[in-house]
Undergrad: 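Following this message is one structure expressed as structure tokens.
All ligand and atom numbering here is 1-based and tracks the order in the structure. Quick note: residue numbers are just sequence positions, from 1.
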Amino acid sequence: MSPDPGPALRGKLQRALSEFRLLPRVFALAWQAAPRWTSLWLAVILLEGVLPVAALYLTRWLVDTLATHGSAALAAGTWLPPFASLAAILGASRLLAAFSGWIRTAQAERLADHISGLIHEKAVSVDLAQFEHAAFYDRLYRASFESPDRSVALLENSGGLLRGGVSFVAMLGVLASYAWWLPLALLAASLPAVYVVFRYALAQHLLWLKTTSAQRQATYRQWVMTSDLAAAEIRLFGLGNSFRNAYQAIRAYLRQEKLRLEGRHALAALAAGAGSLLIAAFAFALLLTRFAQGLYTLGDLALFFQAFTRSQSVAESLVSQTGQLYRNSLYLSSLFEFLALRSDITTPASPLPPPNTLTTGIAFHKVAFRYPGSTRLALNDFSLSISAGCTTAILGMNGAGKSTLLKLICRFYDPEGGRVEIDGTDLRQLDLEAWRSRVSVLFQQPFHYQAAAVDNIAYGRLEMPAADIEPAARQAAREAGADLLIQELQGGYQALLGKWFDGGTELSTGEWQRVALARACFRNAPVLLLDEPTSAMDPWEETAWLDRFFAYAQGRTAVLVTHRLTTAMRAHHICVLDHGRLVEEGTHRALLAQDGAYARAWSGRPDG
Ligand code: ADP
């Protein structure tokens, strides 16, 4: 590797050192996850560090006893105490090694699960707006795919460092008793390796950052090729080869980058290793000269030999542990970055409680809103009143802003101008969680939970007492027109929906929609938002469903986004949106009389 210019190297070194800041945070995580296991782990590591040094001295005792007393030592049994002590220490080391593996696993599993828990907690609570940014997915990918294992590895590195450090310092002391410069020489021999290891760790990390997007691209293609959602289209359009080639091309790029880095590292490591070999050769030459001069005993010889070779291997492992520790802390900076993501959509410091049932209704006042990263306003100078206790139908072309309106009522986003009011209070002043608990939604593309039918419905209101769930789910399913279809499933309400798990049954789009509708009804909320609830229904089914819906919606504030005029006409109030603005509103009769966009849609005339 070519040496870096000064400032760049300084910058890297500063960055390198600053990454070690994360160590205490990882230890804090380990402590939170498993305080007792962490204490045990530390105790074992310290013992493991001290025992090899004790073994060195016991070896010298044994060798010197044998050398001094010769065969008389065997007869007199004087060799027994050092021999027994050495055997005991070596036995204890073995025992500890086995024991520490078990402790490490127990602690590592707890830590990994704790970190996954933190990631999940953050992932389910960040603003929906985050999901609009590719950078968020990069971060999420880095945090969730690497962090749990990296934190465990980092703890192992720290343990290895601590253990190796204790041994190393003690060995350096032993070496210093032979020549003061020996420990220094050993340290100097390790420096090139330290540099190489740091450079390598940093380069690996930078490569990882650089290739996260490519890795996600590969993962995406893999997912498309293996997902049930895409399976039919992949076959029909014959997309398999195209996706496979794209996947292989990305993998080839990633492989090439990795191999280039590994090649450079191998050369640098070779150069660093040569220095260390020279030092070892010199030390052995010195040892033999002194022994030939009669300056050292045979015990000294054994101790020196062991201490030196062991110090070298401990130094090597220390260097590599430090490198790995550094690399793992670099990875973990992504975890802490992810965990530090802040939500903008939050409950204010002194929130107002939302009303249990609305008295006035929901009002949009001159609302301007655009999606994160978008230049176009999805709602523009938008004003609308949704009366409490009534059903308001929202009509409009694709992209008019209908779904956006529902998302703003849920407060998934805040408008950049104007305000949304609930019974006259700005939505931003209300307790967010409490407000959302007053709202039930059927999204345009409801989620298909791979779970029992009853659970698919009960997810609408988790706090329902267990004994009441099934009867309430049946009632909600009746209201949504899903009861019959669930009863006909093998296993009825306990039938597993979706095919991801063994024994599951797949539903049609319309059937899934009705299950989702049942979930919305199960919530039993005063505000009901439905985004194209009848889009997957037959017209004759729709009529029966609408009758049930209006009975269910009685007394609730309902907003019904729809493309179907036959659905809209039954609402108390109809609003027509166009390009993020309200262009018409009134009852069915009033709008027909106006002869505007709504009336034209009924008569089948084009817009004009
Ligand atoms: P509708 O429900 O009336 O079909 P939407 O409310 O979904 O329309 O969308 C309104 C506008 O906002 C459209 O121009 C659409 O392209 C845009 N839009 C919708 N969702 C997003 C998003 N997540 N990011 C950026 N633009 C979006």
Undergrad: Write out the residue and atom name of the closest protein heavy atom to atom 9 (O) of ligand 1, then the distance separating them to 0.1 Å.
TA: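 For atom 9 (O) of ligand 1, the nearest protein heavy atom comes out as T404 OG1, 3.6 Å.
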Undergrad: Using the six-membered ring wherever Trp is involved, compare the ring planes of H588 and Y598 and label them parallel, tilted or perpendicular (cut-offs 30° and 60°).
TA: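 Judged by the thresholds at 30° and 60°, the geometry between H588 and Y598 is perpendicular.
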Undergrad: Indicate the atoms forming the closest heavy-atom contact of P351 with A349, along with that distance.
TA: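 For P351 versus A349, the nearest heavy atoms are CD-O, 3.2 Å.
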Undergrad: So if I count the atoms of ligand 1 from 1 in the order they appear, which ones are less than 4.0 Å from some heavy atom of M397?
TA: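 What qualifies from ligand 1 is 3 (O).
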Undergrad: Do any N or O atoms from the side chain of R519 and from the backbone of N456 form a donor-acceptor pair under 3.5 angstrom?
TA: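 Such a contact is found between R519 side chain and N456 backbone.
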Undergrad: Nearest protein heavy-atom contact for atom 7 (O) of ligand 1: which residue, which atom, what distance?
TA: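 Closest protein heavy atom to atom 7 (O) of ligand 1: S403 CB, 3.7 Å.
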Undergrad: Using a strict cut-off of less than 4.0 Å between a Lys/Arg side-chain nitrogen and an Asp/Glu carboxylate oxygen, indicate whether R581 and D578 qualify as a salt bridge.
TA: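 Result for this pair is no, no salt bridge flagged.
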Undergrad: Which atoms of ligand 1 sit under 4.0 Å from any heavy atom of A400?
TA: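 Listed by number with element: 1 (P), 3 (O), 8 (O).
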Undergrad: Should G396 be listed as contacting ligand 1, given a heavy-atom distance under 4.0 Å as the test?
TA: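 Distance cut 4.0 Å: G396 fails for ligand 1.
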Undergrad: What atoms of ligand 1 come within less than 4.0 Å of a heavy atom belonging to N398?
TA: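 In order of number, 4 (O).
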Undergrad: Got a protein heavy atom sitting under 4.0 Å from atom 21 (C) of ligand 1?
TA: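 It does: a protein heavy atom is found less than 4.0 Å away from atom 21 (C) of ligand 1.
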Undergrad: Validate the cation-pi geometry between R25 and F336: distance from NZ or CZ to the six-membered ring centre under 6.0 Å, angle to the ring axis within 45°.
TA: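 Ring-cation test returns yes.
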Undergrad: Please check if a non-hydrogen protein atom sits closer than 4.0 Å to atom 16 (O) of ligand 1.
TA: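 No, because not a single protein heavy atom sits under 4.0 Å from atom 16 (O) of ligand 1.
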Undergrad: Please state whether R370 comes within less than 4.0 angstrom of ligand 1, counting heavy atoms only.
TA: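 No heavy atom of R370 comes that close to ligand 1.
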Undergrad: Please find the pair of heavy atoms, one from L207 and one from L261, that lie closest to each other, and give the distance.
TA: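 Nearest heavy atoms, L207 then L261: CD2-CD2, 4.0 Å.
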Undergrad: Between the candidates K402, E532, K407, which shows the shortest non-hydrogen contact distance to atom 3 (O) of ligand 1?
TA: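 Closest candidate by heavy-atom distance is K402.
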Undergrad: Is it true that E433 and R436 make a salt bridge, defined as a side-chain N closer than 4.0 Å to a carboxylate O?
TA: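 No, E433 and R436 are not salt-bridged.
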Undergrad: Are K402 and D531 close enough, and set up right, to give a salt bridge (Lys or Arg N to Asp or Glu O under 4.0 Å), and what steps lead you there?
TA: CA-CA 8 Å; K402 305 182 296 295; D531 201 345; over 6 Å; no
Undergrad: Please state which part of Q444 comes within less than 4.0 Å of ligand 1, counting heavy atoms only: side chain, backbone, both or neither.
TA: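 It is neither part, as no heavy atom is under 4.0 Å.
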Undergrad: Can you check which of F369, Y371, Y413 brings a heavy atom nearest to atom 26 (N) of ligand 1?
TA: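 Checking each option, the heavy atom nearest atom 26 (N) of ligand 1 is found in Y371.
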Undergrad: Of the protein's non-hydrogen atoms, which lies at the shortest distance from atom 4 (O) of ligand 1, and what is that distance?
TA: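 Here the closest protein heavy atom is G399 N, 2.7 Å.
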Undergrad: Does a donor on one side chain sit under 3.5 Å from an acceptor on the other, for Q429 and E421?
TA: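 The answer is no; no qualifying pair exists.
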Undergrad: With a cut-off of 4.0 Å, which atoms of ligand 1 are near a heavy atom of R376?
TA: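 Under 4.0 Å from R376, ligand 1 has these atoms: 11 (C), 13 (C), 14 (O).
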Undergrad: Is a donor from one side chain sitting under 3.5 angstrom from an acceptor on the other, for H133 and D138?
TA: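 No, no side-chain donor-acceptor pair sits under 3.5 Å.
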Undergrad: For atom 24 (N) of ligand 1, what is the nearest protein heavy atom, given as residue, atom name and distance?
TA: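 Nearest neighbour among protein heavy atoms for atom 24 (N) of ligand 1, to 0.1 Å: E132 OE1, 3.2 Å.
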Undergrad: With heavy-atom distances below 4.0 Å as the criterion, list the atoms of ligand 1 near A378.
TA: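 In order of number, 11 (C), 12 (O).
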